[in-house]
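Keep in mind the model is a prediction, meaning the values are calculated, not measured. Side-chain atoms are counted along with the backbone in the values below, which use heavy atoms only and exclude waters and symmetry mates.
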Amino acid sequence: MTISLAVIGAGRIGQIHATNAARNPGVTLAGVADAIPEPAAKLAGALSTKVVTLDQIFADKSINAVLIGSSTDTHADLIQRAAAAGKHIFCEKPVDLDLGRARECEKVVNASGKVCLIGFQRRFDPTFAALKARIEKGEIGELEALSVISRDPGAPPVEYLQRSGGIFKDMLIHDFDIFRWILGEEAETVYATASALTDPTIATAANDADTTAVTLRTTSGKLAQIHTSRRAAYGYDQRFEVLGSKGMLQAGNHRPTEVVASGPDVVSIDKPEHFFLQRYEKAYRNELDHFVAVLAGQEKLRVSIADGVKALELADAATTSWRENRIVRLG
């Protein structure tokens with residue numbers, strides 16, 4: 001079975017997904033759409049496909065699926081249009097910045113019966129997936145606690161942060177998905193605190209933070225702590241550890257090489273890979289391949305629009321907790 005797939009969004013993330021789609025033998029890249037003609041034309045040319053409009057995508061019955069990599073404020077509308085047009089959907093996170101609208105999208109998708117994968121690519125990272133598989137085999141017994149470190153090498157421009165929905169929805173939504181995926185439970189309480197430590201403009205101009213600490217407690221009492229920062233001078237810092245009754249599992253950073261240099265004064269190793277584009281290169285490829293395999297009936301969907309809504313619920317709760325300086329109880 002060959003999937004005819006159109007890509008919406010020719011920016012950084014759209015380029016990643018479109019390139020991965022073009023290299024998958026089960027995909028025919030039906031076209032690229034973007035609100036700005038130049039990047040759409042450049043990407044379409046590089047991948048030997050054509051520039052298309054949204055109306056053309058949704059009217060073309062030969063197109064089986066859409067991949068939404070456009071800006072967040074377009075996600076909900078495009079998801080609903082795709083579902084109404086009978087297309088399967090791969091959409092980048094988040095579903096929307098508004099929780100109510102995200103829930104409406106979930107209802108529309110469920111009613112359509114179409115597949116909708118939300119882009120939590122960390123689930124498809126080989127290291128993280130291997131850790132999850134070992135948990136499921138019972139290697140560390142009953143899970144008790146999760147610790148997550150998530151640090152970017154630098155903050156995006158303030159202009160981006162002003163429309164991002166805030167650090168909990170823009171950045172930590174991935175970590176909230178990791179929390180649910182690894183511990184396999186929902187949160188009962190969330191407490192979040194945050195500061196603007198790397199750049200005071202983030203607070204004054206964007207009313208946002210760049211450094212956070214979040215504590216979550218699951219319904220059965222498992223604990224999780226998430227620490228994030230918009231600045232890590234040494235590279236992209238992505239790691240977590242899970243403590244269980246029989247031991248602990250850790251997932252560390254990736255480096256360009258694993259060469260260790262030992263001399264009389266210092267032992268050195270490469271810094272972590274610089275940014276998410278390098279760190280999650282294989283994860284993005286695996287994620288796209290999984291979507292295609294699901295549509296071909298070869299695999300069951302691992303991450304759905306329901307997971308996207310649940311992660312947004314946690315991001316919403318964390319935002320409220322920080323703004324109001326209180327523990328938020330869910331459910």
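Nearest heavy atoms, Asp208 versus Trp322: C-CH2, 3.9 Å. A pairwise comparison of heavy atoms in Ala194 and Ala209 identifies CB-CB, 3.5 Å as the closest pair. Nearest approach of Ile13 to Gly69, heavy atoms of both residues: CG2-O, 3.3 Å. Residues Leu223 and Leu183 come closest through the heavy atom pair O-CD1, 4.3 Å. Nearest heavy atoms, Gly119 versus Glu92: O-OE1, 3.8 Å. Among all heavy-atom pairs drawn from Met171 and Arg151, the shortest one is CE-CA, 4.3 Å.
Transitive grouping of hydrophobic side chains (ILVMFWY, heavy atoms separated by less than 4.5 Å) brings Leu47 and Phe291 into a common cluster. Cluster annotation: Ile57 and Ile3 are assigned to the same hydrophobic cluster (Ile/Leu/Val/Met/Phe/Trp/Tyr, side-chain heavy-atom contacts under 4.5 Å, transitive). In this structure, Leu146 is a member of the same hydrophobic cluster as Phe168, with clusters built from ILVMFWY side-chain heavy atoms closer than 4.5 Å. Taken together through direct or relayed side-chain contacts under 4.5 Å among Ile, Leu, Val, Met, Phe, Trp and Tyr, Ile118 and Leu78 form part of one hydrophobic cluster. When the side chains of ILVMFWY residues are joined at heavy-atom separations under 4.5 Å, either directly or via intervening members, Ile305 and Leu97 end up in two distinct hydrophobic clusters.
In this model, a donor atom of one side chain and an acceptor atom of the other lie less than 3.5 Å apart for Gln238 and Tyr280. Looking at Thr228 and Thr212, their side chains do bring a donor and an acceptor atom within 3.5 Å of each other. Remark: the Asp55 side chain and the Thr53 side chain contain no N/O donor-acceptor pair separated by less than 3.5 Å.
Hydrophobic cluster membership for Ile327: Tyr191 (Ile, Leu, Val, Met, Phe, Trp, Tyr linked by side-chain heavy atoms under 4.5 Å, directly or transitively).
In this structure, the separation between NZ on Lys310 and CZ on Phe176 is 14.5 Å, given to the nearest 0.5 Å. To the nearest 0.5 Å, atom CZ of residue Arg101 and atom CG of residue Leu99 are 13.0 Å apart. Residue Leu295 holds its CG atom at 11.5 Å from OG of Ser4, rounded to the nearest 0.5 Å. Taking CZ of Arg180 as the reference point, atom CD1 of Ile178 lies at 11.5 Å (rounded to 0.5 Å). The CZ atom of Phe240 sits 9.0 Å away from atom OG1 of Thr127, with the distance rounded to the nearest 0.5 Å. The structure places CZ of Arg255 at 10.0 Å from CD of Glu273, a figure rounded to the nearest 0.5 Å.
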What pairs of donor and acceptor atoms, side-chain ones from residues 20-35 against any protein atom, are under 3.5 angstrom apart with sequence neighbours left out?
from, atom 1, to, atom 2, distance (Å)
Asn20, ND2, Ile16, O, 3.3
Arg23, NH1, Asp289, OD1, 3.4
Asn24, OD1, Gly26, N, 2.7
Asn24, ND2, Asp289, OD1, 2.8
Asp34, OD1, Ile36, N, 2.8
Asp34, OD2, Ala10, N, 2.7

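Note on Glu139 versus Lys137: no salt bridge recorded, every NZ/NE/NH1/NH2 to OD/OE distance being 4.0 Å or above. Salt-bridge formation is not detected for the pair Asp199/Arg231: no Lys NZ or Arg NE/NH1/NH2 atom is positioned less than 4.0 Å from an Asp or Glu carboxylate oxygen. Checked for salt-bridge contact, Asp307 and Arg123 meet the test: a charged N lies under 4.0 Å from a carboxylate O. Salt bridge annotation for Arg103-Glu106: absent, with no cationic side-chain nitrogen under 4.0 angstrom from a carboxylate oxygen.
With contacts defined as side-chain heavy-atom distances shorter than 4.5 Å, the pair Thr72/Lys169 does not qualify. Here the side chains of Thr320 and Val190 are not in contact, with every heavy-atom distance at 4.5 Å or above. Counting heavy atoms from C-beta outward, Ser229 and Thr198 have side chains that approach closer than 4.5 Å. In this structure the side chain of Arg302 never reaches within 4.5 angstrom of the side chain of Trp181, judged on heavy atoms. Met248 has its side chain within reach of Leu243: a pair of non-hydrogen atoms, C-beta onward, lies under 4.5 Å apart. Arg81 is not listed as a side-chain neighbour of Lys87, based on a closest heavy-atom distance of 4.5 Å or more. For the pair Glu104 and Val108, the minimum side-chain heavy-atom distance is 4.5 Å or more. Ile79 is listed as a side-chain neighbour of Val109, based on a closest heavy-atom distance under 4.5 Å.
Asp210 contributes no side-chain N or O that, together with a main-chain N or O of Arg230, makes up a donor-acceptor pair within less than 3.5 Å. No side-chain donor-acceptor contact under 3.5 Å links Glu281 to the backbone of Gln278. Between the side chain of Ser195 and the main chain of Leu197, no donor-acceptor pair closer than 3.5 Å is present. Distance alone, capped at 3.5 Å, places no donor-acceptor pair between the Ser321 side chain and the Ala317 backbone. Judged purely by atom type and a 3.5 angstrom limit, Asp177 has no side-chain atom pairing as donor or acceptor with the backbone of Ala311. Put simply, the side chain of Ser164 gets close to the backbone of Leu161: a donor and an acceptor are under 3.5 Å apart. In this structure, His174 contributes its side chain and Phe120 its backbone to no donor-acceptor pair below 3.5 Å.
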Residues Leu5, Val292; criterion side chain to side chain contact (heavy atoms under 4.5 Å, CB included); working and verdict: CA-CA 10 Å; Leu5 180 144; Val292 174; 5.7 Å; no
Test side chain to side chain contact (heavy atoms under 4.5 Å, CB included) applied to His290 and Leu301, step by step: CA-CA 8 Å; His290 169 68; Leu301 186 66; 4.2 Å; yes
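Applying the ring-ring contact (aromatic ring centres under 6.0 Å, His included) rule to pairs touching residues 4-58 yields His17-Phe90, His17-Tyr284, sequence neighbours excluded.
Under a cut-off of 6.0 angstrom, the local environment of CZ in Arg329 is sparse, with at most 12 non-hydrogen atoms contributed by other residues, nucleotides or ligands. Residue Arg134 places its CZ atom among 12 or fewer non-hydrogen atoms of other residues, nucleotides or ligands, all under 6.0 Å distant. Within a 6.0 Å sphere centred on CD of Glu142, heavy atoms belonging to other residues, nucleotides or ligands number 12 at most.
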